[in-house]
Structure formats: structure tokens, C-alpha cells
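Please read all numbers here as calculations on a predicted model, not as lab measurements. Letters go in sequence order (proteins before strands), and every chain restarts at 1.
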Protein chains: 2
Amino acid sequence: MTGVSLIPLRGFPLVSQGDDLARLIADSLTVTGLELRDDDVVVVTGKVVSKAEGRLVNLPDVEPSERARRLASLTEKDPRVVELVLQESAEVVRARPGVLLVRHKLGFVSAVAGIDRSNVEGDDELILLLPRDPDSSARDLMESLYRHTGAHVAVVITDSHGRPFRVGNVGVAIGVACMTALVELEGRPDLFGRPLTGASKFPVADLVASAAVLVAGEGAEGTPVVVARGLHVSAEAGSAQPLLRPRETDFFAIPDRDYD
Amino acid sequence: MTGVSLIPLRGFPLVSQGDDLARLIADSLTVTGLELRDDDVVVVTGKVVSKAEGRLVNLPDVEPSERARRLASLTEKDPRVVELVLQESAEVVRARPGVLLVRHKLGFVSAVAGIDRSNVEGDDELILLLPRDPDSSARDLMESLYRHTGAHVAVVITDSHGRPFRVGNVGVAIGVACMTALVELEGRPDLFGRPLTGASKFPVADLVASAAVLVAGEGAEGTPVVVARGLHVSAEAGSAQPLLRPRETDFFAIPDRDYD
């Protein structure tokens, strides 16, 4: 009876700028009664990575541009938040009342560039940006976890995205280290020996991110770190980039008008 | 150390029309060395449910309409397959070379109405439609599993969907029994006691469907049934309907032109 286990780490403390995340994870593993093993996947929210990296902005310090004011009026959002979104983004994909969907400079399409106002030290005026280079953060964390625990793990840094067509947020991978983020099955045999065709790509890192959401909990009862054990996805390197649909092949991600 | 286990059932046979899926699952549980427990979630692909329900169509029997021929030319697809897609759909959302995205009569938006050509008895001329009423199929399977095993489980029937913005297919729930498909967290406290707002809805049944994809495998090595243990999502009733974004609030799912 082999399978995959998803284990949420308990007793995780609040994270502040400069904290050693690997140290906090090692302590939390002890509280949880778990020892990391080679090939475990450590799934961490981008939120705590950002906090450790000090990606906080004080909203009163932000001076919105004229463009940010126009988009804020259209989307009914705080002009200072919109200014930060624009600074983090390559282009606006859709703007509607209540909706500001952008392509982040890191390549992925999401609402308000992943900018987050909740769970930031009880202060509504502090805004959390995404990690500057999540693939690099994942690699650093992987190396640091090896130093702390001796285990060669994979790391997935996650964000939470809404989606067209369906209700509710799923997990996605924004940073990946030491695992194959996208598995291509095309050409492997189906049940009858014919090669699989068509939709034979599995975004394993996104699926792991969504699986982590299932067990992490949310709010006061939640944890930012989940360990997935039993997957066979280890690789020498890794990146979240293969998960991004190229702009030119994604007709939903082309801006529907000029938002400049 | 509590968490969630995802266990793929091994030794699952090929499914034919009229087969008792609960019986096959019970046999496969024995092979896997697993006993179902109350509150387990049994995740089953729509493909085997459709096969058991005899949702097969012989392609040479299909006579494409004029509209199907026009859309087949636009999308570079088999006119007979397009005819079946149109019969299964409420509206065409996007048609491009290689792409035919529709709103299925069951409400969800997906490519070619979930119509599937692979793994159907080695015959390229047989087409598998989705189950006629997946929520009802899930309920029937739940009741039949109780008779076979004595366990009160939840059931999720899945399909595999591509997605805008990102590469690769994820699992989605098309039929749900005895679990809360969508959990709403709005108003619960965050880490600092403030109520969670905004994107505080989790599509638990979709997340379970994606988690199952992680462990099910694909093609000749795959299994159509995964058991998820350790989730706290049991409910008296259940339906996949709350996962569907209402048409009028989903600006991506409005047809971009008249496809009639």
C-alpha cells in the first residue's frame, strides 16, 4: 500500500524579515514529530518567504501615478495598491470593477500581482509583495534545509490563484527547486499500447501546491509549510517557468484593450 | 503527526458497460491491502464511470450537421466529434484552430465537452461522453460502496481540464456526493484575529481531484481510483455545482463571437 502523504507542519511561528526559514522549518518538524527524508517535497507559501525576505511596503509611502489613479477608479481599488501592482507587472490583462488581472514581471497571470494585505502583522497599511526571484528562493531554502536536516528535499513555493470558469482559489507553484515542475507524458503508452497524445502534460508542482492547500488550513489555524512524501519527482534542478503558458499561445491572457 | 494520505488502488480491471464499479473498487481495495473507512474520499475518473454507464458512441454512426462542419473546419477537428461536442454543449465559448472550448450542458467550461478518444478499448472509432448526471452517479456509487464495504465514504468523480494562463491539465470535480465541494472561509479569523476577506473560498473537491492526479499515474501504469484519507469534508449531501462560476460573473466564459 504505497501512496503519498501530505503532512502539515504545526507550531509554525510568525515570520519576520531576516528570519532563517530553514531553521524555523527544522524547529516545526520537531514539534510535528517528523524527520525530513531525501525526496520529500517541502511546500511553502510565498507569503512567509516574502516576509523573511523583507518584501514589505508601507502603503502611506506609496505615491500613485496618474495611470494607477485611472486604473484604481476603474477597478474600485486603492490607488496606492494599484501603483504597487503596476510596478510589479509587465502588463494589465483585464480591468473591471473589483478585478485587476495582470501579467507579473515573473511571467504568471494573476489578480493584483499576488499582492497581499492579510496576515501582515495586524497592520492594514503594510503590503506584502511576492518574493523577488522565487526559483532562487526555493533553491536557497533547499540548500539551507540540507544544512539543517541532512535531507535532499525538493522545494515548492506557492501562491493562491483564482481561475476563470470555476469558483475558489487553487495553489500554484511560483518557485521550484530540485523537482520536475511539468511532466510530459506524450508518447508513453496508453492502456492499449497506443501512444498518449494531446493533453498529456501534468503540472506536478501546481498539483502539489493545490494538494498542500487541502491540508494547510487557513487563517489562525493554518500553517505555511506542508511536507509531501512519496512522490517521485526529484530532479537535479527545477524551475516554475515551464508551468507558464507562453503569452502568444494563450488567447485568454492577451489584454482586451489598451490599459496604458 | 496527522495529515492526509492519497492511496492509488492497484489492479483495477478494464471497465465495460454494466459493470458494478463498487464491486470492482472493493476487489481492488483487497489487492491494494486497504479497507475503506468512514469519511474516506473515493476519487474516481469520469472515464470509468462513463464506461460503466455505457456512454460510448460509435463515430461512424454520427452524421455531422452543417454547423458542426463549419466549426470542424475552423477548429481543424473531426466533424463527427464536433457534432457530438455540440450535442453535449449549451454554447461554444471559443473556437480557434486546435481549440474548441464549450460550456457543457452540465454547466462547466472545458475543451470538447470532455469527450475522450483515448483508452476506449483500443478502438479509435469509439468516443466516450461524460456521465449523464455525475452528481447522481457519485451518489449511487457512494451508496453501493456502503453496501459492499460498510463504510460511509464521500465520492468525487473527476475530469481533467486544461486552463488559461498555465500549462498542463489539472483535476476537477464533475460529480460529488457526501462532501462539501466548496468551503467558504470568509469571516473566519486570520492570524491577527481580523476576519478573512476576499479570496477565501477553497474548491475542496477540485483540490482533491488534482491531488488524485498526482498519485494515479497515467496510461498503462495508471489507476482510475484513488482514496484520500484524513480530510474533514464529509457532509450529508454534496454536488459539484457550487464549483461552477456563474456565467454572468465570468467574463472569460462569455463567447467572443457568434458561433451559431
Side-chain angles (χ1 to χ4, degrees), chain A residues 1 3-8 14 32-34 94 96 108-109 111 118-119 121-122 160 162-172 182 185 188-194 196-204 206-208 210-211 213-215 218-220 231 242-245 250-253, chain B residues 1 3-8 14 32-34 94 96 108-109 111 118-119 121-122 160 162-172 182 185 188-194 196-204 206-208 210-211 213-215 218-220 231 242-245 250-253:
Chain A
M1 195 179 91
V4 170
S5 301
L6 303 164
I7 307 144
L14 293 178
T32 308
L34 188 70
R94 295 286 186 283
R96 303 274 191 283
F108 48 81
V109 176
S118 65
N119 281 349
E121 315 307 331
S160 172
R163 44 197 188 148
F165 315 148
R166 302 180 73 81
V167 179
N169 279 34
V170 296
V172 299
L182 182 75
L185 297 170
R188 293 201 205 172
D190 76 2
L191 281 175
F192 304 94
R194 295 173 305 189
L196 287 165
T197 56
S200 304
K201 292 182 185 180
F202 287 92
V204 178
D206 283 344
L207 297 169
V208 172
S210 278
V213 172
L214 267 180
V215 303
E218 186 69 11
L231 291 167
L243 300 166
L244 303 179
R245 199 180 275 274
D250 191 355
F251 46 84
F252 286 109
Chain B
M1 195 179 91
V4 170
S5 301
L6 303 164
I7 307 144
L14 293 179
T32 308
L34 188 70
R94 295 286 186 284
R96 303 274 190 284
F108 48 81
V109 176
S118 63
N119 282 348
E121 315 307 331
S160 172
R163 41 193 189 152
F165 315 148
R166 301 180 72 82
V167 179
N169 279 34
V170 296
V172 299
L182 182 74
L185 296 171
R188 294 202 205 171
D190 76 1
L191 281 175
F192 305 94
R194 296 173 303 191
L196 286 166
T197 56
S200 304
K201 292 182 184 180
F202 287 92
V204 178
D206 283 344
L207 297 170
V208 173
S210 278
V213 171
L214 267 181
V215 303
E218 187 69 11
L231 292 166
L243 299 166
L244 303 179
R245 198 180 275 275
D250 191 356
F251 47 82
F252 286 108

Contact winner vs chain B - [options], heavy-atom pairs under 4.5 Å:
| options | value |
| --- | --- |
| A:V208, A:D206, A:L231 | A:D206 |
| A:V172, A:V204, A:V215 | A:V172 |
| A:A211, A:S210, A:S5 | A:S210 |

Under a 4.5 Å heavy-atom cut-off, does chain A meet the side chain of [X], its backbone, both or neither?
| X | value |
| --- | --- |
| B:R163 | both |
| B:L244 | both |
| B:L182 | side chain |

Closest non-hydrogen atom pair between [X] and [Y], with its separation:
| X | Y | result |
| --- | --- | --- |
| B:L207 | A:G171 | CD2-N, 4.5 Å |
| B:G3 | A:P8 | CA-CD, 3.9 Å |
| B:L243 | B:P203 | CD2-CB, 3.6 Å |

Structural part of A:L214 lying under 4.5 Å from a heavy atom of chain B: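 Both parts, backbone and side chain.
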Run the side chain to side chain contact (heavy atoms under 4.5 Å, CB included) check on A:V213 and A:V170 step by step: do they pass? CA-CA 7 Å; A:V213 172; A:V170 296; over 6 Å; no
Please identify each residue that fulfils side chain to side chain contact (heavy atoms under 4.5 Å, CB included) with B:V109, with sequence neighbours left out.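 B:V109 satisfies side chain to side chain contact (heavy atoms under 4.5 Å, CB included) with A:F165, B:V93, B:L101, B:R103, B:A253 only.
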Is it possible for you to check whether A:R96 lies under 6.0 Å from the centre of the six-membered ring of B:F251, through NZ or CZ, and within 45° of that ring's axis?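 Yes, a cation-pi geometry holds between A:R96 and B:F251.
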